[in-house]
Structures are given as structure tokens and as C-alpha cells.
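Keep in mind that this is a model prediction, so the values were computed, not measured. Numbered from 1 within each chain, the chains take letters A, B, ... in sequence-line order.
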Number of protein chains: 2
Amino acid sequence: MANRPVTIKDIAEKLNISVSTVSRALKNNPEISLQTREAVQKLAKELKYQPNPLAVALKTQKSNTIGVVVPQIVSSFYASVVKGIEQVADEFGYQVFVSSSNEKMEKEEKNVNGFLNMRMDGIILSLSRATNTYDHIQKIKDMGVPMVLFDRTSKELEVSKVVADDAAAAHSAVSHLIDGGAKRIAFLTGPEYMLFGRNRMRGYKKALKDKDMTIDETLISRCDFTVEDAKNASLELLKRSNRPDAFFAINDELAIGAIAAAKELGLKIPEEVAVVGFSNSRRSRYMEPSMSTMDQNPKQVGREAAKLLFDQLEDKPGAKDVKEVVVHADLLVRTSSEK
Amino acid sequence: MANRPVTIKDIAEKLNISVSTVSRALKNNPEISLQTREAVQKLAKELKYQPNPLAVALKTQKSNTIGVVVPQIVSSFYASVVKGIEQVADEFGYQVFVSSSNEKMEKEEKNVNGFLNMRMDGIILSLSRATNTYDHIQKIKDMGVPMVLFDRTSKELEVSKVVADDAAAAHSAVSHLIDGGAKRIAFLTGPEYMLFGRNRMRGYKKALKDKDMTIDETLISRCDFTVEDAKNASLELLKRSNRPDAFFAINDELAIGAIAAAKELGLKIPEEVAVVGFSNSRRSRYMEPSMSTMDQNPKQVGREAAKLLFDQLEDKPGAKDVKEVVVHADLLVRTSSEK
DNA sequence: GAAATTATAATGATCGATTAACTTAACCAA
DNA sequence: TTGGTTAAGTTAATCGATCATTATAATTTC
């Protein structure tokens, strides 16, 4: 029953030649006569010979695989990034393995160690929310394994990165709201320690300044990354006498909370409250009303990250320099902010 | 810079013993004196020795990894199944690699071949929508690699499976609608060739019969798996003079379309139109109104599939018999169908 | 026709680990 | 003394492939 896979040895025996000759013949090494080469390749095809990647990797110290660690797998953003990575990896003939840290540092470490153990040729990673030390990342560097960070990165790490220009993205979202007539724009954001939160905050403030509007700190609300929490925070804001007429949320989840709050209070969207989210999640398109949001071009993020990695894998000149690629986000105007 | 990983040989040299002794000592083989064993294990720990899984797998023909192929990765159902699988795999000390077929047979074949090539010890798979031949699945069997199918399976394949009792689930969803007072229940379903569609159809019809209601074939509507299509189909149904007062949809996506249609026509949910979906997608909980749906207990599906696989991997008696485990779905009553 | 050159293929070491088979020394019994 | 047992290792083959080195045969050169 158990069909043992065909090895190079089987081919050698059938043709009465040595394994090394077979190995060379399969690689079209000109040191082997055309006759032999053709005979070997023909038989290999007939027997459906597939090289054993374990053996090849053991011998050559190259596995032709790259590992990707994402914080979550149930996320259209990360799923699209992975697709972008896969596209590029395909071109280079590499297999991609994905694992998720589930926003836990412990799992992230486990995944990284697993990848290193499996001798993967490179690692692309986005830090989990919980990651606060970087020994496991440093270890990748120490082992000389090429690596690229994306999206959730840290300035403490001297590694090539692909990042979003969060400040610019926030700037264009908020400018759009102002252009639509908003006078008091609330900002729903997350915990202070998150880098992208601080960057988007910067963009928010700059957009206001650029239009000579005052920054009202009471309109900035920090919440957990849950719809419920965002809804409560928004309710609180909307019940004030001097309520906001627009919301910019740091992600779609929080924006959904804001919309839920406005609905509950019977406020019209976008006439009385306009909303712009961030991420272009699948939900944002299909909800009622459809939600304006920032599209972060995740596939491109993936492609850029993979390119940086393969530059290193292919030993391109200057590939080892620490680079930072910025991928811009595009504003998608939908019902929730349409004039 | 590139820190070569520590091998068994390094340890052997430092302690002036042979590699085989080191190998045995690390495994606590009693043929090696306690002294030596302790010395080896101590040094191994100090040097942070990690066995090279490639070498181990090559030699032992066991990789301690299992591969999972899912049709989509951006799906809370499959993501949860994977979590369930990972839980069990963790207990057994196996690594799990996941890849997605993206609903394409070609990609599915590629993934399967990749896993077989990597000599994974077992494969858990859910067929893509496009899969219509099974040579690649048969190949897994022929190679004697343990395998379990889940969710999207085929009766043509003699393989252990974990399936949902779709008929029973549909039955309870529809019964719930009837109990809520529905008289004319529309059924939104997909293409005829899908097995789970036929099963849910069976449950739908049986539930009606059980309550002595007549089956009105004009209330059964086939659509693509898109919100738009479902919305259009629902609009058509709801505009009839004799319109349905409830919808049972084969998945949440279609149910969302039905809700969108009812909203557009200004019909009250659930008073004028009740809706029950299927899958308990994340969206179903947070939308307006929150949607009743069937929870398929995906984590349990994963756990059961993994258990079947490990029974085979551990060579438990009778593990090779083709088994079929049924995981039941639970009705989650939310606003869209609440009386 | 002997030497030099070239073409072609075989040998054997190697990657890092496992393991069957064997060695060596110590110990005990008769 | 002889033989048998046991403990504690060592040797060497092996997994499937790669590759530097070496061997052999064929061909060319003078």
C-alpha cells in the first residue's frame, strides 16, 4: 500500500549508473553525456521522481522556503499581505509557510523558533500586540537569517521594514472629513504605546492645524479594540451638548462602534455624523451604511516585504542595508462620509 | 555573524565521546551511564542545542508535522477549525502548517504535493469549491500518508471525515422560524452540486413537513455566494404579492443579503421578516440587527479531525477504518429572528 | 605508438541525526 | 582458568541528495 517515494538511487539502479551521475544528469550538468542525461530525465519523469526537499535542504543548507508570522490570520489585511508575499515567492520558486501568533508574544517566539529550526531561508514578520521584548527577533539576525518586518514594527530593531505612512493616511482621512464640512472631528484610538496609533494621531492633528482648526483634546478617546468599547466611547461623546459631527477611527472595528452609537441615538449618517475608518475590512463595504475607510494596499505591502527579503536571499548588492519602504494608503469614500 | 547552529557533533567533540553516545544520552537511553547522560544534557542545554528537524526527519522518516489545507484562510470558520487542530497537535508535540487553496483545485493540488514532498506525517483537508477530481487526494492515500477530510468532503472518497449534520442543523433553524410564527419561509441556497447545500435543503424540507407545512418550490432561490446576488434574489421574493415572512439562508453572507433587501423595502426585522443564517461569522454578531445563525462549533470540528488523524499516526487499533464523525451545530438566536 | 588531453562517469565524503551491531573491560560463577 | 554476563561505549551504515576528487575510457597530438 505505502508507495515509497522514488529516490535518486532507484533511478541509478534501474539505469545501472551511479547516484551522483543521476544527480548531475537531473541538473543538466554538461559533464554528463547528452544520452545519459536524456535517459535519466526520461526515467525520472516516468517514475514521477520528486526530489526529497529534506535531503536537499540538509545537504545544501537551503530549504527554498520562507516563513511568515502574522499577528492574526482572520484578518483581511494580513491575509492580503500573505497573498502579496506568495505572489513574489512564487516567482522565485519558494514555498511560503504562514503561522499566526494570535497576538501573543509566546506564540510568536514559538513560531519563530519553529521556522529557524526548520532552517527556513528567510522570515517575514509583523509583531504581535503583546510583544515587548525582542530577543527572539534578535536571534534571527544573529543566526544570519534574512528577515523583514512589516506593519507592526519597532524602531528598536535594526531591520528592513515595510510600513504604512500612517500619519499621511490619517491626514488624508481627516482632511476629507473637513472638506465634507465637519467642524468637530472626534478621534477614536487605542492604547498609547502602539506606534501606529501615535502616527495616526500625528496625522489627525496636522490635518486640523493645516486647516486652521483647533485641537480639542476632549474629542480624542482611547478605547480597547472592540466594537462595544468604541460604541460606548462614542455614545459618551455624542451625548455631550457640544457633540462631534464626525469620527475618524483608528480602525474599522472602532468606526463600526461609532456608527452603532450614532444609529442608536437616531443621528443621521453622514449628514449629522460622518465616519471614516481605517483598513478597508470586508465588513466596511457591506455594512449599512457602507463605510468610508483607508485602504492600506496590503497586497503591495506583502509584495514589497517579499522583495526586500529576496534581495537579501539573492545577495543583491546593498541588500543587507537596513531599508524602510513606505506603502501609501488610499482613501475610499463610501456612504458614511459622502456629502 | 552567522551563528552556525550547534550540532550533536559539537557536543561530542567537546566531551570527547562519540556522536552516537550523545544521541543516546539525549534520549535518556539507559545504555548510557547516568554520569554521561547528565553531562551531555547539561552541555546541550548550555549550548542551546536544538536538533535539526530536517536531519531527524530524513533519518526517521517522521517529521512530526501535519499539513492542513483549507479553502480559504480569511474565514472565521476555517480559522477556528485550525485552532482546534493546533490544540490537539500541541498535545502530541506536532507542528501544524496551514495553506489555503483559495477555492482553486490547482492550488489545492500544489499544496498537497508540497506537503507530501515535505514528508509531512499527516494531512487534514477540506476540499475547495472547484475540486472535481480526486487524483491528488488518492495520491495521499496511495502513499500511505494518514489523512482526514472535514467540512467539504466527498462521498466518492473512502477516507475518515468530520462533517456537520447539515440536515439536522437546517432542521433546527427552520423549526425555530416556524415556532416564531413564520408561515412562508424562503430558502436561499447555492449551486446544486454542493453537498452541504443538498443536505441543508433536506433539513429545510423535513422541518416544514414535520410541522405539516407545504413546500413551496418558488420560495427556494439559488444564488451565487455573494451578498449582492442574495440581496437581488431576496428583493425579487419580497416584492411578490405573496411574500415570504422569513428567510433561512445557507450561509451568513446570503442572510446578510436578505436583511439588506428587507431593509431596503422598509420591512421590519424580525417582525415582518425573520432571518436565520448559517456559520456564525463574526459579522453576524455585530451587524444591525444582530443576526441569528447556526454555530457549527468549528473548533470542535478541528479537534475531532485532529483526533482521527492522530489515531492513525499513533497506529491505534482500528484507526485505519474509515470513520465519520458528526459535529452538531447549535442555534444562536439573535435579534433577526427573536420574537 | 606513446603521451597528452578530453569526455564521461564512479567514488567517497558530507549534511545532522539515528540505530543495529560490535568492542572492551569489568565482574562473577564454577 | 575458562566462559558467560553486563555495563558503557564505539563503529559504521543509513536516510536522500550534493559535489569535490578520482578513475577510466576515448580521442587527439606529435
Side-chain angles (χ1 to χ4, degrees), chain A residues 2-41 43-44 47-65 116-121 143-144, chain B residues 2-41 43-44 47-65 93 116-121 143-145:
Chain A
N3 251 322
R4 201 173 49 76
V6 181
T7 73
I8 217 170
K9 204 171 156 190
D10 299 325
I11 299 181
E13 274 166 11
K14 293 225 170 152
L15 294 177
N16 251 317
I17 55 178
S18 75
V19 289
S20 56
T21 303
V22 176
S23 172
R24 284 182 163 77
L26 288 171
K27 294 209 177 54
N28 250 316
N29 186 319
E31 306 223 314
I32 305 296
S33 69
L34 198 59
Q35 271 191 7
T36 321
R37 270 188 273 164
E38 281 173 349
V40 169
Q41 290 172 9
L43 185 59
L47 298 180
K48 292 183 186 160
Y49 165 74
Q50 299 266 91
N52 182 331
L54 298 175
V56 177
L58 179 59
K59 181 62 193 173
T60 63
Q61 313 279 19
K62 275 222 61 193
S63 61
N64 276 274
T65 57
L116 290 176
N117 262 336
M118 295 287 277
R119 306 295 193 273
M120 307 213 146
D121 297 331
M143 294 191 52
Chain B
N3 251 323
R4 200 176 49 79
V6 181
T7 73
I8 218 172
K9 203 170 156 190
D10 300 326
I11 299 180
E13 275 167 9
K14 293 226 169 149
L15 293 178
N16 251 316
I17 55 179
S18 75
V19 289
S20 57
T21 304
V22 176
S23 174
R24 285 184 162 84
L26 287 171
K27 292 209 177 52
N28 250 317
N29 186 319
E31 306 222 316
I32 306 297
S33 70
L34 198 59
Q35 271 191 8
T36 318
R37 270 187 273 164
E38 281 173 349
V40 169
Q41 291 172 10
L43 185 59
L47 298 179
K48 292 182 186 162
Y49 165 75
Q50 299 266 90
N52 182 329
L54 298 175
V56 176
L58 179 60
K59 181 63 196 174
T60 63
Q61 312 279 20
K62 277 220 61 196
S63 61
N64 276 277
T65 56
L116 290 177
N117 261 336
M118 294 286 278
R119 305 296 193 273
M120 306 216 149
D121 297 329
M143 293 191 52
V145 175

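Chain B approaches DNA chain D over the interval D/dA8 to D/dG16, counting the first and last nucleotide 5' to 3' with an atom under 4.0 Å from its heavy atoms.
B/Val22 pairs with exactly one of B/Leu15, B/Leu43, B/Ile11 by the side chain to side chain contact (heavy atoms under 4.5 Å, CB included) rule, that one being B/Ile11. No option in A/Thr21, A/Asn28, A/Ile17, A/Ile32 other than A/Ile17 meets the side chain to side chain contact (heavy atoms under 4.5 Å, CB included) test with A/Val40.
B/Gln50 comes within 4.0 angstrom of sugar-phosphate atoms only, judged by non-hydrogen atoms across all strands, and of no base. B/Thr21 comes within 4.0 angstrom of a nucleotide base, judged by non-hydrogen atoms across all strands. Backbone-only contact: B/Ile17 has heavy atoms under 4.0 Å from sugar-phosphate atoms and none from a base. Across all strands shown, B/Thr60 has heavy atoms under 4.0 Å from sugar-phosphate atoms exclusively, and none from any base. Residue A/Ser20 is in base contact, counting any heavy-atom pair closer than 4.0 Å across all strands shown.
Between the side chain of B/Arg24 and the base of C/dA20, a donor-acceptor pair under 3.5 Å is found.
Look at CZ on B/Arg4: it is 11 Å from C1' on C/dC15, rounded to the nearest Å. We find that CG of B/Asn52 is positioned 14 Å from C1' of C/dT14, with the value rounded to whole Å. Rounded to whole angstrom, the span from the CD atom of A/Gln61 across to the P atom of C/dC15 amounts to 8 Å. Atom CD in A/Glu13 sits about 18 Å away from atom P in C/dA9, given to the nearest Å. Following rounding to the nearest Å, B/Asn29 (CG) and C/dT19 (P) show an atom-to-atom distance of 10 Å. The NZ-P distance, from B/Lys9 to C/dA13, rounds to 13 Å in whole Å.
Here OG1 of B/Thr36 is found 10.5 Å from CD of B/Gln41. Values are rounded to the nearest 0.5 Å. Expressed to the nearest 0.5 Å, how far CD of A/Gln61 lies from CG of B/Asn52 amounts to 8.0 Å. Atom NZ of B/Lys27 is separated from atom CZ of B/Arg37 by 13.5 Å, given to the nearest 0.5 angstrom. Atom CG of residue B/Leu58 and atom CZ of residue B/Arg119 lie 9.0 Å apart, to the nearest 0.5 angstrom.
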Checklist entry - After noting the C-alpha distance and the side-chain angles of B/Val145 and B/Met120, does the key distance pass the side chain to side chain contact (heavy atoms under 4.5 Å, CB included) rule? => result CA-CA 8 Å; B/Val145 175; B/Met120 306 216 149; over 6 Å; no
Next on the checklist: Apply side chain to side chain contact (heavy atoms under 4.5 Å, CB included) to residues B/Thr65 and B/Met118 and explain how you reach the verdict.
Outcome noted: CA-CA 9 Å; B/Thr65 56; B/Met118 294 286 278; over 6 Å; no
Item to check | Worked verdict on A/Lys14 versus A/Leu47 for side chain to side chain contact (heavy atoms under 4.5 Å, CB included) | outcome: CA-CA 11 Å; A/Lys14 293 225 170 152; A/Leu47 298 180; 4.3 Å; yes
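Between A/Thr36 and C/dA9 there is a side-chain N or O to OP1 or OP2 distance below 4.0 Å. Distances shorter than 4.0 Å separate some side-chain N or O of B/Lys27 from OP1 or OP2 on C/dT18. Between B/Thr7 and C/dG16 there is no side-chain polar atom (N or O) within less than 4.0 angstrom of OP1 or OP2.
Rounded to 10 degrees, the angle separating the terminal helix axes of the helix from C/dG1-D/dC30 to C/dA30-D/dT1, each built from five base pairs, is 80°.
For A/Lys59, the side-chain atoms get nearest to C/dT14 when compared with the rest of C/dA9, C/dA17, C/dT14.
Each of B/Ser33 and B/Leu58 has a nearest nucleotide on DNA chain D; the 5'-most of these lies closest to B/Ser33. Comparing A/Glu31 and A/Val19 by the nucleotide of DNA chain D whose heavy atom lies nearest to each, the residue mapping closer to the 5' end is A/Val19.
In this structure, B/Pro51 and B/Val56 approach most closely via the heavy-atom pair CB-CG2, 4.4 Å.
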